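Following: one structure in structure tokens, then a few remarks.
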Number of protein chains: 2
Amino acid sequence: MITLNYRDSRPIYEQIQEGLKRLIVTGAIAAEERLPSVRTLATQLSINPNTIQRAYAELEREGYCYSVPGKGSFVSGSVDTGEKRGKELKDHLFALAAELKFLGVPEEELLELVRRAGAAETDKKEGTL
Amino acid sequence: MITLNYRDSRPIYEQIQEGLKRLIVTGAIAAEERLPSVRTLATQLSINPNTIQRAYAELEREGYCYSVPGKGSFVSGSVDTGEKRGKELKDHLFALAAELKFLGVPEEELLELVRRAGAAETDKKEGTL
DNA sequence: CTAACCGTACTAAGTCACTTAATACAGTCA
DNA sequence: TGACTGTATTAAGTGACTTAGTACGGTTAG
């Protein structure tokens, strides 16, 4: 499911982009599976098809999906679920840890934080879209 | 030192806000110390005083500083260097770690990432502004 | 007191990204 | 053939951000 937040400062197309990226990377939408058409998704979300189009174009540019005129848009087979996004997130985690250390937070506290994270991640699989 | 990035999608006032927050929270600008005047900083950064004003107003709203008409703007005494921001960052780190685990990244890899973070943080103290 | 600072407030204008709308065209497929 | 697909284009509206200019009252050194 993709949720739009109109109060968010981030543009809609970017929220859709992020939302789809998550669905792809978590395997909620499998490789080679077809994404909803720009018009369909636009109708479901009550926004303009152009906005969806833009989100899809960005995703394609990033290699998360590819489009075939006349057929539809599909998830790339080479995404390696969690591989691409994992890299970004790890960089993020690294930067965050560095900053916290800079602020004087003891390393052990951060390590404990990481250990406790994601303890209840069993019933979260969704595929509704 | 505050650096502006005009390519950044984030507005200038927000970049200034973030930059000052960092200087305050790291102790580069001590509690009760006076911040540069809106006009001074505006001149230094070659932007409009109104934009600085907005950044200051946001910082005041968040409790990082307070302003006295006719005197200037000053860092709040109750900031607890690294306390406030540290809380936010820890929440962020926690969420990030949870997501990475969800993607199947082994805990030990994350722990190692945290251990390696912030190794070269000795010569970064600046006070130039 | 005066002049030079300070924060604050307001209006007007311009710019730009985002979004919508309305088409249009070509490819796919039952 | 008709109903879908993706893609492209132009035009318009909106809103946030930024600048510019001006103004007012408080503070402070000379």
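In the text below, chain A, chain B and the rest are named by the order of the sequence lines, each starting its count at 1. Everything numeric in this text was worked out from a predicted model, so none of it was measured.
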Backbone N or O of B:N5 within a donor-acceptor pair of the B:Q15 side chain at under 3.5 Å? yes
Write down the protein N/O and nucleotide N/O pairs, taken from nucleotides 7-15 of chain D, whose separation is under 3.5 Å; answer none if there are no such pairs.
{"residue": "D:dT7", "atom": "O4", "partner": "A:R39", "partner atom": "NH2", "Å": "3.4"}

Roughly how far, to the nearest 0.5 Å, is CZ of B:R54 from CG of B:L59? 12.5 Å
With a 4.5 Å limit on heavy-atom distance, are the side chains of B:S67 and B:E60 in contact? yes
In whole angstroms, how far is the P atom of D:dC17 from the CG atom of B:N5? 16 Å
B:I12 and B:L45, any side-chain heavy atoms less than 4.5 Å apart: no
Would you mind telling me which residue lines up with the more 5' stretch of DNA chain C, A:I12 or B:S37, judged by nearest nucleotide? B:S37
Side-chain donor/acceptor of A:S73 to backbone N/O of A:L35, under 3.5 Å: no
Would you say a side-chain N or O of B:Y13 is under 4.0 Å from OP1 or OP2 of D:dC17? yes
Without decimals, in angstroms, what is the distance between B:N48 CG and D:dA16 P? 19 Å
Are side-chain heavy atoms of B:E109 and B:E112 found at a separation under 4.5 Å? no
Partners of B:F94 by ring pair (Phe, Tyr, Trp, His ring centres under 6.0 Å), sequence neighbours excluded? none
Taking heavy atoms of chain B and a 4.0 Å limit, find me the 5'-most and 3'-most nucleotide of DNA chain C within that range. C:dC6 to C:dC10
Look at all strands and tell whether B:R10 reaches a base, only sugar-phosphate, or nothing, counting heavy atoms closer than 4.0 Å. nothing
For the pair A:K101 (side chain) and B:A117 (backbone), establish whether a donor and an acceptor sit closer than 3.5 Å, ignoring hydrogens and angles. yes
